[in-house]
Amino acid sequence: MDRGVYDIKNKFTFRSKTEKGLTEEIVRQISKEKDEPEWMLESRLKALKIFNEKTNPEWGPDLSEVDMDEITTYIRPDADMSDDWKNVPEEIRDTFDKLGIPEAEKEFMLSGVGAQYDSEVVYHNIQKYLSDQGVIYTDFETGLKKYPEIVKKYFSKCITPNLHKYAALHYAVWSGGSFVYVPKGVNVDIPLQSYFRLNAPGAGQFEHTLIIVEEDAYCHFIEGCSAPKYNVINLHAGAVELFVGENATLRYSTIENWSRNMYNLNTKRAIVEKNGKIEWVSGSFGSKVSMLYPASILVGENASSEFTGISFAGEGQNLDTGAQVVHAAPHTKSTINTKSISKSGGIAIYRGLVEIKENAVGAKNSTSCESLMLDSKSRSDTIPTIKIENNDIDIGHEAKIGRISDSVIFYLMSRGISEQEAREMVVRGFAEPIAKELPMEYAVEMNNLINLELVGAIG
């Protein structure tokens with residue numbers, strides 16, 4: 001399938017890189033390259049030990065093809081970070097130009113932009129009116145150097161290396177990512193965006209995103225990801241740690257469009273305080289295998305979580321995605337709405353967890369999963385786990401799995417629409433509730449990705 005702009009391959013150049021594999025020497029090399037404090041190196045080495053001790057999960061997709069001896073964990077591109085696109089090397093800048101990142105910033109659709117290429121951020125900027133209000137938005141390594149007290153307070157407190165094998169891998173070799181701090185009462189009214197582009201074949205990308213939204217503040221953060229297709233395995237094991245203060249709201253939107261040689265083993269978690277709110281909007285496209293289950297830990301009374309997600313699995317893809325919510329305080333609320341599409345033998349799985357603790361009296365959850373299979377070769381499963389530790393709760397789960405109705409196609413064809421166009425209309429209509437949750441330009445991108453997936457596969 002021609003993925004157009006997303007399959008741009010630049011010449012593989014670098015300023016420095018590690019050898020393939022994962023050893024203590026490689027971890028020390030990454031830390032030395034970044035001139036990190038001793039506590040960060042110690043954190044990396046502890047995580048490496050945990051990674052070596054843990055095994056792949058026995059549930060979900062087969063990960064036996066992921067061989068760390070064949071993965072390059074760190075590649076520094078031949079570019080320095082800049083806040084001026086003119087200073088970014090032309091070939092790299094041209095890639096982001098084609099992806100529309102500088103244009104979105106120029107048109108003031110974004111109030112801050114970060115762009116990562118392979119293992120390092122090459123561009124970062126924030127509008128002055130936000131920095132004047134005390135908002136910090138920079139790459140994670142600059143955050144570590146300039147704001148060490150804040151980073152040390154929050155780093156690995158939401159996601160720990162013990163969570164699973166690939167969380168440990170992340171903490172051993174993380175590089176790049178974003179650091180956002182929104183002070184009390186500040187409204188970041190125009191979204192911030194970080195875009196992660198993996199160009200190198202046989203490489204891993206392990207960016208770390210840390211966002212802290214203080215009391216009574218608001219922020220919308222958008223994450224974009226893509227990579228060209230190669231005939232070797234690439235690996236993505238980033239981590240996203242989100243902290244939402246009292247009466248604060250954070251919206252975290254993601255459009256992931258990895259290539260079909262990518263194993264996407266990302267980890268995302270949010271801790272939400274009293275009356276705080278986390279809103280997840282997630283679009284999973286591309287990748288050979290995805291295992292992604294954003295988690296909301298509701299630790300404050302009346303805290304809430306909303307998750308809206310869509311995935312599209314085509315031939316040779318196994319997208320195992322979903323959401324997790326832990327109600328750990330009274331009167332907490334959560335909703336999970338997911339949609340999946342599968343075609344040409346693709347596998348789309350919803351795997352979720354709703355856990356209501358003993359003290360979470362009056363908690364409410366509503367989960368809805370809808371799956372659309374476009375042929376008889378494809379597969380879609382719903383695998384929910386629900387743990388309830390008290391009786392004063394309100395919980396509901398609904399799942400629907402089906403195919404496109406022949407009568408609907410017949411009706412549309414009777415109005416002069418071709419069969420292929422009719423099927424495309426039904427798929428786009430199925431996805432519309434997700435698109436409505438995204439800013440216009442990202443809804444357009446999502447619809448374009450759906451059209452790419454549909455080309456030559458329907459009719």
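More than 12 heavy atoms of other shown residues, nucleotides or ligands fall within 6.0 angstrom of atom CD in Gln133. Residue Lys34 qualifies as enclosed at atom NZ: its count of foreign heavy atoms under 6.0 Å is above 12. The 12-atom threshold is not exceeded at CD of Glu315, counting heavy atoms of other residues, nucleotides or ligands nearer than 6.0 Å. The number of heavy atoms from other shown groups lying within 6.0 Å of CD (Glu53) is above 12. For NZ of Lys157, the number of neighbouring non-hydrogen atoms (other residues, nucleotides, ligands) closer than 6.0 Å is greater than 12.
No donor-acceptor distance shorter than 3.5 angstrom exists from the side chain of Asn257 to the backbone of Ser226, with no hydrogens or angles considered. Ser342 contributes no side-chain N or O that, together with a main-chain N or O of Ala348, makes up a donor-acceptor pair within less than 3.5 Å. Within the 3.5 Å criterion, the main-chain N or O of Gly112 finds no donor-acceptor partner in the side chain of Gln127.
Between Ala200 and Ile75, the closest heavy-atom pair is CB-CD1, 3.4 Å. For the residue pair Leu198 and Leu235, the shortest heavy atom distance occurs at CD2-O, 4.4 Å. For the pair Ala303 and Glu273, the tightest heavy-atom approach, listed with the atom from each and the gap, is CB-O, 3.4 Å. The nearest pair of heavy atoms linking Phe307 to Thr338 is CE2-CG2, 3.7 Å. For the residue pair Ala227 and Arg197, the shortest heavy atom distance occurs at N-NH1, 3.5 Å. Minimum heavy-atom separation, Ser290 to Ser287: OG-OG, 2.8 Å.
Using a 30° and 60° split on the angle between ring planes, Trp39 and Phe155 fall in the perpendicular class, above 60°.
When Glu279, Glu306, Glu223 are each tested for a salt bridge (Lys or Arg N to Asp or Glu O under 4.0 Å) with Arg251, only one passes: Glu279. Of the residues listed (Asn365, Ile393, Ile297, Ile388), the one engaging His327 in a side-chain contact (heavy atoms from CB on, under 4.5 Å) is Asn365, and it is the only one.
Inter-residue side-chain proximity for Tyr123 and Tyr195 is flagged as unmet; no heavy-atom pair is nearer than 4.5 Å.
Taking the charged nitrogens against the carboxylate oxygens, Glu246 and Lys274 have no contact shorter than 4.0 Å, which rules out a salt bridge. At a threshold of 4.0 Å, the pair Glu256-Lys268 counts as salt-bridged, since one of the basic side-chain nitrogens sits closer than that to a carboxylate oxygen. Salt-bridge annotation for Lys357 and Glu355: present, with a side-chain N of the basic residue lying under 4.0 Å from a carboxylate O of the acidic one. Checked for salt-bridge contact, Asp80 and Arg15 meet the test: a charged N lies under 4.0 Å from a carboxylate O. Using a cut-off of 4.0 Å between Lys/Arg side-chain N and Asp/Glu carboxylate O, Arg28 and Glu24 are scored as salt-bridged.
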Which donor-acceptor pairs under 3.5 Å do the side chains of residues 177-184 make with protein atoms, sequence neighbours left out?
| unit_1 | atom_1 | unit_2 | atom_2 | d |
| --- | --- | --- | --- | --- |
| Ser178 | OG | Ser194 | OG | 2.4 |
| Tyr181 | OH | Glu214 | OE2 | 3.1 |

Contacts under 3.5 angstrom, residues 165-174 side chains, donor-acceptor by atom type, not counting sequence neighbours:
| unit_1 | atom_1 | unit_2 | atom_2 | d |
| --- | --- | --- | --- | --- |
| Lys165 | NZ | Phe51 | O | 2.8 |
| Lys165 | NZ | Lys54 | O | 2.7 |
| Tyr166 | OH | Asn56 | OD1 | 2.7 |
| His170 | ND1 | Ala237 | O | 3.0 |
| His170 | NE2 | His208 | ND1 | 2.7 |
| Tyr171 | OH | Ile159 | O | 2.6 |
| Tyr171 | OH | Glu241 | OE2 | 3.4 |

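Taken from CD1 in Ile349 to CH2 in Trp59, the straight-line distance is 11.5 Å, to the nearest 0.5 Å. With values rounded to the nearest 0.5 angstrom, Ile233 atom CD1 is found 10.0 Å from Asp67 atom CG. A distance of 12.5 Å separates CG in Asn302 from NZ in Lys277, rounded to the nearest 0.5 Å. The OG1 atom of Thr138 sits 11.0 Å away from the CG atom of Leu144 when rounded to the nearest 0.5 Å. Of the inter-residue distances, the one linking Glu301 atom CD with Asn275 atom CG reads 7.5 Å to the nearest 0.5 angstrom. A distance of 9.0 Å separates CG in Asn264 from CG in Leu319, rounded to the nearest 0.5 Å.
Considering only residues two or more places apart in sequence or on other chains, Thr18 meets the side chain to side chain contact (heavy atoms under 4.5 Å, CB included) condition with Ile26, Gln29, Ile30, Thr72, Thr73, Tyr74.
For the residue pair Tyr293 / Asp320, a side-chain donor-acceptor distance below 3.5 Å is found, with atom types taken as modelled.
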